[in-house]
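The block underneath contains the structure these notes are about, expressed in structure tokens.
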2 protein chains.
Amino acid sequence: MGAMTEAAIDNRDTRERILDAAEAVFMACGYDGASLRQITGEAEVNLAAGHYHFGSKEALFQAVLNRRLHVLNQERLRVLDEMEAKAGGAPLKPSQILDAFFGTLLRMAIAHGDRGQTFLRLIGRTLTEPAEFIRTVLSKEFADVLERYKAALFRALPEVPKEEIVWRFHFMLGATSYAIAGTDTLRLVTDWQTGAIDDDLERLLPRLMSFLLGGLRAPLPAAASPNPQPRGNGRTRRKKP
Amino acid sequence: MGAMTEAAIDNRDTRERILDAAEAVFMACGYDGASLRQITGEAEVNLAAGHYHFGSKEALFQAVLNRRLHVLNQERLRVLDEMEAKAGGAPLKPSQILDAFFGTLLRMAIAHGDRGQTFLRLIGRTLTEPAEFIRTVLSKEFADVLERYKAALFRALPEVPKEEIVWRFHFMLGATSYAIAGTDTLRLVTDWQTGAIDDDLERLLPRLMSFLLGGLRAPLPAAASPNPQPRGNGRTRRKKP
DNA sequence: GCAGGATTCAAACGATCGTTTGAATCATAC
DNA sequence: GTATGATTCAAACGATCGTTTGAATCCTGC
């Protein structure tokens with residue numbers, strides 16, 4: 001296969017042009033909906049260049065994802081480490097943890113301009129992609145980060161059952177993922193002017209943080225009883241024998 | 001083409017079998033990832049039956065969606081009407097509105113057993129589908145309901161800017177959509193036993209409602225100033241936790 | 001029974017997909 | 001300048017997709 005020598009000066013041009021185009025097309029069409037011809041066409045490179053540089057469509061998607069996701073999650077870990085070191089053994093505040101996780105995401109996206117926004121929306125949509133290899137890539141890439149942040153939240157909220165914290169982390173991921181997935185979905189609930197999300201992106205972080213913090217610290221649901229009462233609609237949920 | 005007379009007794013069998021299979025396959029693979037051969041194969045009907053009964057893949061997807069989504073949204077409107085009639089002109093409580101919207105969704109899904117759960121996950125994933133015709137279908141199907149519920153929330157929270165309510169509605173939709181989209185995504189954040197979401201589905205509603213209510217009623221973000229500060233990280237400090 | 005429309009079926013169509021091939025082009029090292 | 005390996009290119013491959021076709025089969029009304 002690729003017998004890479006040290007002569008790699010110009011190929012970064014083609015490689016990155018493919019990555020940029022793929023990022024945009026995958027974001028707009030989803031993994032299955034995007035075609036290599038569309039991607040290489042938009043990148044103005046030959047169709048075979050995609051396979052030459054990446055090997056397959058799956059590998060290309062993985063490369064698009066990891067190019068920015070890996071540095072994002074490294075930064076997330078670094079910020080959390082720094083916070084915990086500064087706290088000196090004391091638990092962090094929930095607002096700090098959420099800002100380290102979601103704030104780092106949004107600030108990195110803002111710092112990268114249009115490209116960062118495209119990647120934001122790609123991430124938001126990728127988290128709901130059904131293809132199995134995508135789920136595998138995501139779970140590997142997020143494993144460390146989620147484990148560390150979960151632990152931080154457990155320490156920050158010792159009175160809240162861990163199960164509940166995991167659920168609420170899940171809800172927060174969903175709210176964020178959905179919010180950054182793009183204006184198209186937002187246009188579904190409102191009739192505002194389109195575009196102009198550039199201005200809103202900076203305003204999104206405080207909005208989102210308030211919402212997430214409110215949800216995370218909400219009073220616990222009434223009955224976490226281990227015996228769930230059969231609600232008004234007492235439908236049997238046994239499997240047929 | 002379809003010159004439907006009144007002889008439609010048996011075709012409901014084939015039609016519904018296709019709809020059920022399509023619901024499952026679309027849920028598992030997404031719109032682009034699902035193939036008519038897979039659907040008709042799982043339904044044990046001929047490949048051409050799909051086109052005979054529905055005309056096209058897009059129309060089939062739309063039929064799958066509307067079959068349950070339409071009655072869901074009708075029920076949502078009915079429940080809201082009933083609440084407002086009972087309140088007699090007074091604004092509803094936010095918790096009532098959220099329960100009417102999200103509770104109706106989950107309760108209907110629970111009442112329909114496994115099929116309801118499949119549709120729940122299909123809805124959760126469909127809300128993030130990039131295909132344009134899907135977005136068109138969704139926006140038409142949700143237009144009335146979202147308008148009515150937005151108005152109800154405006155009246156319930158007169159002190160909160162409408163813009164903020166719309167954003168938080170958006171966040172709530174995302175959290176819910178993500179939570180019901182399936183265990184696969186949840187397995188990303190936790191290592192729990194798979195399956196067993198059957199038991200959790202009934203517990204999901206109180207959990208979700210607590211989180212959503214907490215987020216909806218959270219203190220407003222600090223500066224909604226028309227002049228966005230150069231990222232002063234304006235941390236809201238209005239209420240004590 | 002039979003006529004006629006509704007439905008099913010096997011087979012194929014054209015298009016598009018991801019991928020491969022093999023030669024042409026480029027850049028570098030001797 | 002020539003050899004060598006990296007990169008590009010046009011063209012095709014086989015597979016799969018959504019869709020169409022036309023005949024076979026089923027069902028119903030008379």
Side-chain angles (χ1 to χ4, degrees), chain A residues 1-23 25-26 28-65 129-134 137, chain B residues 1-23 25-26 28-65 129-134 137:
Chain A
M1 291 287 190
M4 278 248 193
T5 70
E6 298 309 318
I9 27 178
D10 178 83
N11 70 347
R12 245 188 55 200
D13 200 32
T14 299
R15 265 184 69 100
E16 287 224 347
R17 219 155 47 176
I18 294 178
L19 284 175
D20 286 340
E23 191 171 65
V25 176
F26 280 137
C29 308
Y31 176 76
D32 284 311
S35 78
L36 286 178
R37 285 170 175 81
Q38 193 177 352
I39 291 171
T40 54
E42 192 149 315
E44 299 182 55
V45 302
N46 190 273
L47 167 62
H51 288 90
Y52 177 77
H53 286 282
F54 299 97
S56 70
K57 186 184 179 185
E58 290 196 0
L60 171 61
F61 187 83
Q62 187 166 345
V64 169
L65 224 57
E129 282 274 3
E132 193 165 317
F133 92 93
I134 297 182
V137 171
Chain B
M1 288 286 197
M4 278 248 192
T5 69
E6 299 306 321
I9 27 178
D10 177 83
N11 70 347
R12 245 187 52 199
D13 199 32
T14 299
R15 266 184 68 99
E16 287 224 346
R17 218 153 50 173
I18 294 178
L19 285 174
D20 287 339
E23 192 171 63
V25 175
F26 280 137
C29 309
Y31 176 76
D32 284 312
S35 79
L36 286 178
R37 285 169 175 80
Q38 192 177 354
I39 292 172
T40 54
E42 194 149 314
E44 300 181 54
V45 302
N46 190 273
L47 167 62
H51 288 88
Y52 176 77
H53 285 283
F54 299 97
S56 70
K57 186 184 180 184
E58 290 196 1
L60 171 60
F61 187 83
Q62 187 166 345
V64 169
L65 225 55
E129 282 274 4
E132 192 165 317
F133 92 93
I134 295 182
V137 171

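The basis for the numbers below is simple: all heavy atoms, side chains too, and nothing from hydrogens, waters or symmetry mates. In what follows, every chain begins at residue 1, and chains take the letters A, B, ... in the order their sequences are listed.
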> To the nearest 0.5 Å, what is the distance between CD1 (B:I134) and CG (B:D32)?
Replying inline: 7.5 Å
>> Any side-chain N or O of A:N46 below 4.0 angstrom from OP1/OP2 of D:dA10?
In response: yes
> Base, sugar-phosphate, or nothing for B:A48, non-hydrogen atoms under 4.0 angstrom?
Replying inline: base
> To the nearest angstrom, how far is A:R15 atom CZ from D:dA6 atom C1'?
Replying inline: 14 Å
>> Regarding B:A59, tell me which of base, sugar-phosphate or nothing describes its non-hydrogen contacts under 4.0 Å with the strands shown.
In response: nothing
> On DNA chain C, nearest-nucleotide positions of A:L47 versus B:R37: which is more 5'?
Replying inline: B:R37
> Should B:S35 be listed as having a side-chain N or O under 4.0 Å from OP1 or OP2 of D:dT16?
Replying inline: no
> Between B:T14 and C:dT7, is there a side-chain N or O to OP1/OP2 distance below 4.0 Å?
Replying inline: no
> When the distance from CD of B:E44 to P of C:dT8 is rounded to whole Å, what number comes out?
Replying inline: 14 Å
> Between atom CZ in A:R17 and atom P in D:dT7, what is the gap in whole Å?
Replying inline: 14 Å
>> Nearest whole Å is fine: how far is C:dT8 C1' from B:D13 CG?
In response: 13 Å
>> Rounded to whole Å, please give me the gap between CZ in B:F61 and C1' in D:dT19.
In response: 19 Å
>> Any side-chain N or O of B:S56 below 4.0 angstrom from OP1/OP2 of D:dG18?
In response: no
> Do any side-chain nitrogens or oxygens of A:H53 fall under 4.0 Å of OP1 or OP2 in D:dA6?
Replying inline: no
>> What I'd like to find out is whether the side chain of B:F54 reaches to under 4.5 Å of the side chain of B:L19, using heavy atoms alone.
In response: yes
>> Check whether A:Y31 forms a cation-pi arrangement with A:K57 (NZ or CZ under 6.0 Å from the six-membered ring centre, at most 45° off the ring normal).
In response: yes
> Whole Å only: how far is the CG atom of A:D32 from the P atom of D:dG18?
Replying inline: 11 Å
> How about B:E58 and B:V137: do any of their side-chain heavy atoms sit closer than 4.5 Å?
Replying inline: no
> Which residue, A:G33 or B:Y52, contacts DNA chain C at a nucleotide closer to its 5' end, judged by nearest heavy atom?
Replying inline: B:Y52
